Amino acid sequence: MSSNETPRGPVDSSRVPRYAGPATFARLPRLDEVGTADVAVVGVPFDSGVSYRPGARFGGNAIREASRLLRPYNPAQDASPFALAQVADGGDIAVNPFNINEAVETIEAAADDLLGTGARLMTLGGDHTIALPLLRSVAKKHGPVALLHFDAHLDTWDTYFGAEYTHGTPFRRAVEEGILDTSALSHVGTRGPLYGKQDLTDDEKMGFGIVTSADVYRRGADEVADQLRQRIGDRPLYISIDIDCLDPAHAPGTGTPEAGGMTSRELLEILRGLASCNLVSADVVEVAPAYDHAEITSVAASHTAYELTTIMSRQIAAARKDAEAK
Ligand SMILES: N=C(N)NCCCC(=O)O
Ligand SMILES: [Zn+2]
Ligand SMILES: [Zn+2]
């Protein structure tokens, strides 16, 4: 979208009932209807990398369905994200469910194409395996990026059954490949049993800091966001959100649930506290609708993607304004 064009926004829910018609994220136009977008919301229906309950391949469409109720003005960030920038739904990346290596390559190539148009990505998973090819693509464009990883799990394990590409291993691979800025890596929401203490020492050696879910509860969302913001500074930032960072009460529909997690309010508040960070792309993964009830998980995921999209739209609009002033 050029600076003098008005973005095409969502279908007006006061004219067309919000439950009518096929679902796109937030009832936004499809990418092929607008040509190019500042933020492309894209689904990755892939869950061949999971170690326990499958079903995250249906996550993207469940989030789109739940997102029908999102409204165009975000009071928490005082912004109308779909008016500030063109946000559009780029549909799904068609990945091979029978060949993980090929799927990882396909995701990277599709992300390259979308980022090459100038769009930022708001990816809806899929299992956490997909973060690796997305990070590869983002790093080709921006260099090694800061990573904020919301998850019950570390996802820096080495291999499962000898497989390198799984939903428990994307961030170890990313560190090995040099695509992360190891001075600004954080897990948030970490909890639950590990294989051994070594998991933590390995993770620390890779450069990660940990904010556990209990830390969030004790210190509060604002203080946690302040600390994260200081660590990230103005580095290009990628945010990867495994919905199992939330307590199973807030996100039952996921493959590897762990008790004692964050509330959806805490997650949304931390994200809002990061609004000034240079968010270059993001994902929300691990929504497995078969284990969900009353769309609890997909509603939480849709609001999470909405906050992330709002952050990106605000930055795009601010950058455009700056460029015009020059
Ligand atoms: N990325 C997610 N959701 N889970 C990783 C858990 C890996 C394990 O089974 O130990
Ligand atoms: Zn997880
Ligand atoms: Zn994960």
Side-chain angles (χ1 to χ4, degrees), residues 44-60 62-63 100 103-104 107 123-135 147-175 180 185-200 202-203 206 208 210-214 216 238-264 266-267 270 282-292 297-298 300-301 304-305 308:
V44 184
F46 173 85
D47 64 6
S48 307
V50 300
S51 57
Y52 198 47
R53 308 195 296 205
R57 65 180 60 181
F58 299 109
I63 298 169
I100 298 184
V104 164
I107 297 164
T123 307
L124 310 176
D127 77 51
H128 226 151
T129 312
I130 71 170
L132 176 65
L134 294 168
L135 283 166
L147 173 69
L148 202 45
H149 168 223
F150 292 81
D151 204 319
H153 309 100
L154 300 167
D155 290 358
T156 51
W157 286 294
D158 191 4
T159 56
Y160 284 81
F161 291 82
E164 285 185 302
Y165 299 151
T166 78
H167 79 154
T169 56
F171 303 116
R172 181 184 288 241
R173 295 289 93 76
V175 170
L180 299 182
L185 306 180
S186 304
H187 305 293
V188 184
T190 320
R191 65 191 185 278
L194 300 171
Y195 298 96
K197 201 164 183 159
Q198 183 78 26
D199 295 354
L200 293 170
D202 286 356
D203 188 81
M206 288 176 230
F208 281 93
I210 293 181
V211 180
T212 67
S213 59
V216 174
Y238 186 92
I239 298 185
S240 184
I241 302 190
D242 184 328
I243 206 66
D244 73 27
C245 68
L246 300 181
D247 190 85
H250 293 255
T254 195
T256 47
E258 311 281 349
M262 302 186 325
T263 65
S264 48
E266 286 170 330
L267 172 61
I270 294 173
D283 64 56
V284 179
V285 298
E286 297 282 349
V287 173
Y291 304 96
D292 208 3
T297 314
S298 43
T304 302
L308 293 165

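In each ligand, atom 1 is the first atom listed, and ligand 1 is the first ligand listed. Remember, it's a predicted structure, so these values are computed and weren't measured experimentally. Numbering starts at 1 and runs along the sequence shown.
- Contact annotation for Y195 and ligand 1: only side-chain heavy atoms (C-beta onward) come within less than 4.0 Å of the ligand.
- If you take OG1 on T256 and CG on D244, they are separated by 4.5 Å, rounding to the nearest 0.5 Å.
- For F58, the CZ atom is loosely surrounded, since the number of other residues' heavy atoms within 6.0 Å does not exceed 12.
- The nearest non-hydrogen atom to atom 9 (O) of ligand 1, considering only G168, P193, G192, S51, comes from S51.
- Contacts between T254 and ligand 1 below 4.0 angstrom, taking non-hydrogen atoms only, are absent altogether.
- Numbered from 1 in the order shown, with element, the atoms of ligand 1 that lie under 4.0 Å from a heavy atom of T256 read 2 (C), 3 (N), 4 (N).
- Distance alone, capped at 3.5 Å, is enough to place a donor-acceptor pair between the E286 side chain and the H128 backbone.
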- Item | Check against side chain to side chain contact (heavy atoms under 4.5 Å, CB included), I241 and L308 | CA-CA 10 Å; I241 302 190; L308 293 165; 3.9 Å; yes
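- Ion pairing of D202 with K197 is absent here, as no side-chain N (NZ or NE/NH1/NH2) approaches a carboxylate O to less than 4.0 Å.
- Nearest protein neighbour of atom 7 (C) of ligand 1, counting heavy atoms only, is Y160 OH, 3.1 Å.
- Looking at D244 against ligand 1, only its side chain comes within 4.0 Å, counting heavy atoms.
- Side chain of T263 to backbone of E266: a donor-acceptor contact under 3.5 angstrom is found.
- Of all atoms in ligand 1, listed by their number and element, those nearer than 4.0 Å to a heavy atom of D155 are 1 (N), 2 (C), 4 (N), 5 (C).
- Taking the six-membered ring for Trp and thresholds of 30 and 60 degrees, W157 and H153 have ring planes inclined between 30 and 60 degrees apart.
- Every atom of ligand 1 with a heavy atom of E286 under 4.0 Å away is listed here by number and element: 1 (N), 2 (C), 3 (N).
- Residue contacts with ligand 1, taken as heavy atom pairs separated by less than 4.0 Å, involve H167 via backbone and side-chain atoms alike.
- In the vicinity of D242, heavy-atom distances shorter than 4.0 Å reach the ligand 1 atoms 1 (N), 2 (C), 3 (N).
- Under the side chain to side chain contact (heavy atoms under 4.5 Å, CB included) criterion, S186 pairs with L148, L228, R231, not counting sequence neighbours.
- Side-chain contact annotation: H187 with D203, donor-acceptor N/O pair under 3.5 Å present.
- The closest donor-acceptor contact from the side chain of D242 to the backbone of D151 lies at 3.5 Å or more, if one exists at all.
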- Message: Assess the residue pair D155 and H149 against the criterion (side chain to side chain contact (heavy atoms under 4.5 Å, CB included)); give the C-alpha distance rounded to whole Å, side-chain angles, the decisive distance to 0.1 Å, and a yes or no.
- Response: CA-CA 9 Å; D155 290 358; H149 168 223; 3.8 Å; yes
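- Excluding water, every protein N/O/S atom under 2.8 Å from the Zn ion (ligand 3) is given here by residue and atom: H128 ND1, D151 OD2, D155 OD2, D242 OD2.
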